[in-house]
J.: 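Below are the structure tokens for one structure; questions will follow.
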Amino acid sequence: MYKTLIYAKEGDIGLLTLNRPEKMNALSTELTDELAQLLGQAEDDESLRILILTGSGEKAFVAGADIQELVERDAGKGRRITKDRQEIFARIENLQVPVIAAVNGYALGGGLELALACSIRICSENAQFGAPEVKLGIIPGDGGTQRLPRLIGMGRALEMILTGDFIDAREAFRIGLVNRVVPQEKLMEEAMGLAKKIAKRPPLAVRFAKEAVIRSQDNSGSGYVLESYLHALSCTTEDKREGVAAFLEKRKAEFKGK
Ligand code: COA
């Protein structure tokens with residue numbers, strides 16, 4: 001029924017796999033549309049106790065926004081798309097049940113932002129995390145500038161966002177970006193074990209506890225709006241055109257600050 005997602009239920013545990021392995025599960029419009037649809041299904045599912053989110057293949061959780069689609073992303077699309085994705089990721093953050101991200105490889109850009117919207121992150125030893133948007137001449141737009149500093153602190157978040165450098169699983173664990181690191185072949189078993197443990201806890205207590213913890217992060221929400229508009233602005237620059245073209249042409253980008 002979905003083209004870019006695989007959804008299965010094992011008892012009261014939902015297992016959602018983002019499934020575009022040939023494109024490292026990059027977030028295409030089709031994928032995020034389907035994700036929104038799937039979330040509607042999860043939100044209506046009274047029997048669901050916990051959701052596990054992972055990527056298909058052994059290389060990537062999600063390698064970010066689909067860079068092919070970025071070619072056409074001007075300011076209008078930049079604002080509209082980030083607003084939509086912020087809403088979808090907020091629905092994940094606010095889902096009535098906890099969501100575990102089982103990060104099985106690269107979690108970059110929108111992939112990192114998606115993992116950040118989940119309640120708990122665990123990863124495989126080969127996982128790598130990064131916010132490479134700046135290298136494409138743009139900035140994160142799917143909530144990363146807001147959630148990353150809250151999770152790992154302002155200084156570390158700024159270093160990741162301003163350099164675009166990746167960090168490996170061990171460093172991600174050290175700075176609190178992920179709760180656990182396990183060998184790749186054990187990742188789903190570990191995620192399932194944690195999910196089963198939480199699924200056995202009283203559902204209402206789990207729901208209320210999650211709600212209360214999330215509300216500890218409440219602010220006016222203005223940071224998200226600013227992020228989305230600045231992302232839109234970055235989509236209008238020559239540097240963005242150059243960064244995206246250089247990636248697709250497999251060459252080094254020449255940025256001019258325009
Ligand atoms: N969007 C679209 N396609 C992507 C993609 C993305 N975000 N990330 C990877 N792909 C595609 C590549 O273009 C390539 O496709 P091709 O085989 O048709 O050429 C395929 O996935 C494999 O990627 P490749 O770069 O060959 O693999 P690698 O192992 O050398 O490098 C990454 C892996 C993830 C480090 C590298 O692909 C990368 O830097 N991706 C972009 C990450 C990014 O900037 N994301 C943020 C976007 S805002």
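Every number for a ligand or one of its atoms is a count from 1 in the order of the listing.
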J.: What do you reckon, does Glu22 put a non-hydrogen atom under 4.0 Å from ligand 1?
T.: yes
J.: Looking at atom 26 (O) of ligand 1, is any protein heavy atom nearer than 4.0 Å to it?
T.: no
J.: Please report the interatomic distance CG(Leu27) to CD(Glu113), rounded to the nearest 0.5 Å.
T.: 9.0 Å
J.: Enumerate the atoms of ligand 1 whose separation from the nearest heavy atom of Ile67 is less than 4.0 angstrom.
T.: 1 (N), 2 (C), 6 (C), 7 (N), 41 (C), 43 (C), 44 (O)
J.: To the nearest 0.5 Å, what is the distance between CZ on Arg121 and CG on Leu114?
T.: 10.5 Å
J.: When you measure from the heavy atoms of Lys250 to every atom of ligand 1, does any distance fall below 4.0 Å?
T.: yes
J.: Give a yes or no on whether atom 42 (C) of ligand 1 lies under 4.0 Å from any heavy atom of the protein.
T.: yes
J.: Which ligand 1 atoms does Lys59 reach within 4.0 Å, using its non-hydrogen atoms?
T.: 29 (O)
J.: Considering all protein heavy atoms, does one lie under 4.0 Å from atom 30 (O) of ligand 1?
T.: no
J.: Examine the proximity of ligand 1 to Ala63 and report which part, side chain or backbone, both or neither, has a heavy atom under 4.0 Å away.
T.: both
J.: Which one holds for Leu136 and ligand 1: side chain close, backbone close, both close, or neither close, with close meaning a heavy atom under 4.0 Å?
T.: side chain
J.: Looking at atom 17 (O) of ligand 1, is any protein heavy atom nearer than 4.0 Å to it?
T.: no
J.: At under 4.0 Å between heavy atoms, is it the side chain or the backbone of Leu108 that contacts ligand 1, or both, or neither?
T.: side chain
J.: Mark up the atoms of ligand 1 that fall under 4.0 Å of a heavy atom belonging to Pro132, in ascending order.
T.: 43 (C), 44 (O), 45 (N), 46 (C)
J.: Check whether Tyr106 and Met160 end up in the same hydrophobic cluster, where Ile, Leu, Val, Met, Phe, Trp and Tyr are linked by side-chain heavy atoms less than 4.5 Å apart.
T.: no
J.: Please tell me if atom 22 (C) of ligand 1 is touched by the protein, where touching means a protein heavy-atom distance below 4.0 Å.
T.: yes
J.: When you look at CZ of Arg170, are more than 12 heavy atoms from neighbouring residues, nucleotides or ligands closer to it than 6.0 Å?
T.: no
J.: For atom 36 (C) of ligand 1, which candidate among Phe247, Phe166, Tyr106 provides the closest heavy atom?
T.: Phe247
J.: Ignoring hydrogens and angles, tell me if any N or O in the side chain of Asn25 forms a donor-acceptor pair with the backbone of Ser56 under 3.5 Å.
T.: yes
J.: About how many Å separate NZ of Lys197 and CZ of Arg201, when rounded to the nearest 0.5 Å?
T.: 6.0 Å
J.: In Å and rounded to the nearest 0.5 Å, what is the CG to OG1 distance from Leu39 to Thr32?
T.: 11.0 Å
J.: Nearest heavy atom to atom 7 (N) of ligand 1 wins, so pick from Gly110, Gly141, Ala65, Gly64.
T.: Ala65
J.: Count the heavy atoms of every other residue, nucleotide or ligand shown that sit under 6.0 Å from CD of Glu125, and state whether that count exceeds 12.
T.: yes
J.: Distance check, rounded to the nearest 0.5 Å: Lys3 atom NZ versus Asp33 atom CG?
T.: 11.0 Å
J.: Quick one: which of Met24, Lys23, Lys135, Gln128 has a heavy atom closest to atom 24 (P) of ligand 1?
T.: Met24
J.: Pick one of side chain, backbone, both or neither for how Glu69 approaches ligand 1, counting any non-hydrogen atom pair under 4.0 Å.
T.: neither
J.: Please walk me through it: do Glu171 and Arg174 pass salt bridge (Lys or Arg N to Asp or Glu O under 4.0 Å)?
T.: CA-CA 5 Å; Glu171 177 67 358; Arg174 196 183 70 80; 2.9 Å; yes
J.: Any side-chain to backbone donor/acceptor pair from Lys135 onto Ala253? Under 3.5 Å, distance only.
T.: no
